[in-house]
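Have a look at the structure below before the remarks.
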Number of protein chains: 2
Amino acid sequence: MSDANKGPARGRPRTMNAEQVLDVAMNAYWHSDPADVSVNAICQMAGISKPSLYREFGSEDGLSRAVLDRYAEQVLSEIFVILQGGMGLRETLDALIEFASSDPRMETGCLFYKMRAGKHRLGPDTRARVEEIDAVGQAAYAAFLQAARNAGDWPDGPSVEAGAKYLGEQVALAITQRASGEDPARIREMLTLALSVISRS
Amino acid sequence: MSDANKGPARGRPRTMNAEQVLDVAMNAYWHSDPADVSVNAICQMAGISKPSLYREFGSEDGLSRAVLDRYAEQVLSEIFVILQGGMGLRETLDALIEFASSDPRMETGCLFYKMRAGKHRLGPDTRARVEEIDAVGQAAYAAFLQAARNAGDWPDGPSVEAGAKYLGEQVALAITQRASGEDPARIREMLTLALSVISRS
DNA sequence: TCATTTTTATACTATCCGGTATTTTATTTC
DNA sequence: GAAATAAAATACCGGATAGTATAAAAATGA
């Protein structure tokens, strides 16, 4: 707990860099689909052996869960930043639209949404983490909408929970469409239309 | 071409019923996911041997394509009936909402949308058919919206193509959410909200 | 009865998967 | 330099997959 020992001195020094493996796996999962990338393929792409990967991550489930954690803090956090930035309703929605339809990192879709869509194919740990992140995300959308309603920016009508779900699913839909090569301008147009029911111009 | 010969007189009579096999396969694909149902499993469920299935359908791709054709004429046709029923804008949208959020057949989602979501995992023939059906569907949505605009029911703003895509994707989203166990009332609320931008109450 | 035809049933192939046992290699400690 | 240690590389295991070769069975025609 005092000084973070950088590995034991004894034994053959390890050549495997766990973070680099995570990066390789994250990009592979992200660019195609978690269900279509085997651990064999990841080992080959990362230039490591299978036992090394299993010693580090325990199982495919352990790897994908670690990848998801990394993705959450590196990428998903951006959405939370937008939602919790304290901007007004309109500006926040515009930022969400901008992110979903134009952020270059979402060009091949969102790894989290891909995992959520194929939840039943994930290992138990990864699946549990997906559900946890999903719940946290929904809560963030709900908190944002509640604040807007308290400020009088979002008129009464749908419940906060329904609005949060709606908002989250529309963003997810837009980003998922980017992965299927849809024209970003068209996606922006559709997402703007969908979110216009929350904040009419 | 004259009389439809019901099988050759010679040889061992076949016990396999192609339509029953298609029903079994369709329900299996539909209830879970095409990518998660093997030909082995279908043979077992249908009580037939693998060579029989391959003689009838040629390949897994041939089977899934035949299933998709069957699904299109048995189930998807209903959406076209709604779109081409000649009802007013509002009534047609309400019928779409009713179908997507409450039709018991959509309780486990839509096989077509499942196939479209996992397009890259399908064989070439099935994938081509998915794209074809997708295009026909979009055209049907577009024709419907064009008629509404001509009748003055749908004010200018989004292009007909954008509106058609939006409408189709919102219906797909609602039905897909049913497969993940979302509360139908909540789904109806969200879909109603989404479609309210086309026909405000 | 016996050859022909067509379908069925069984058993098999090749490949890929996640996961692991075993051996080899590189390092520190003594 | 030898023992100990830890990682890496290779080769393997059991299981599932799509697809097929082969043999058995059930009918017809002569």
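Note that the structure is a prediction, hence the values are computed from the model and not measured. The sequence lines fix the lettering, A, B, ..., with proteins before strands; numbering per chain opens at 1.
OP1 or OP2 of C:dT8 lies within a sub-4.0 Å distance of a side-chain N or O belonging to B:R55. For D:dA7, neither phosphate oxygen OP1 nor OP2 lies less than 4.0 angstrom from any side-chain nitrogen or oxygen of A:R12. Proximity of A:S52 to the phosphate of D:dA7: no side-chain N or O atom is located under 4.0 Å from OP1 or OP2. A sub-4.0 Å separation between OP1 or OP2 of C:dT8 and a side-chain N or O of B:S49 is absent.
The separation between A:D36 atom CG and C:dC17 atom C1' is 13 Å, rounded to whole Å. Spacing between atom NZ of A:K50 and atom C1' of C:dA21 amounts to 13 Å, rounded to whole angstrom units. Put simply, CZ on B:R121 is 14 Å from P on D:dA18, counting in whole angstrom units. The distance from atom CZ of B:F57 to atom C1' of D:dG19 is 16 Å, rounded to the nearest whole Å. Across the protein-nucleic acid pair, B:Y54 atom OH and C:dC12 atom C1' stand 14 Å apart, rounded to whole Å. One can place CD of B:Q44 at 13 Å from P of C:dA9, the figure rounded to the nearest angstrom. A:E60 places its CD atom 13 Å from the C1' atom of C:dC16, with the value rounded to the nearest Å.
Between the side chains of B:D33 and A:H120, no donor N or O sits under 3.5 Å from an acceptor N or O. Counted by atom type alone, A:Q146 and A:E161 present zero donor-acceptor pairs between their side chains at under 3.5 Å.
Each of A:Y29, A:Y113, A:F112, A:W30 was evaluated against A:Y71; a single residue qualifies, A:W30, per the ring pair (Phe, Tyr, Trp, His ring centres under 6.0 Å) test.
Heavy-atom nearest nucleotides on DNA chain D were determined for A:I48 and for B:G58, and the one closer to the 5' end corresponds to A:I48.
Looking only at side-chain heavy atoms (C-beta outward), A:F80 and A:V136 come within less than 4.5 Å of each other. Between A:P158 and A:I198 the shortest side-chain heavy-atom distance does not fall below 4.5 Å.
Within the nucleic acid shown, A:P51 comes within 4.0 Å of at least one base atom, counting heavy atoms only.
Distance from the side chain of B:R14 is smallest to C:dT8 among C:dT8, D:dG19, D:dA9. The side chain of A:R10 has C:dT29 as its nearest neighbour among C:dT10, C:dT29, D:dG19. Across D:dT20, D:dA8, C:dT7, the shortest atom-to-atom separation from the side chain of A:M16 is found for D:dA8.
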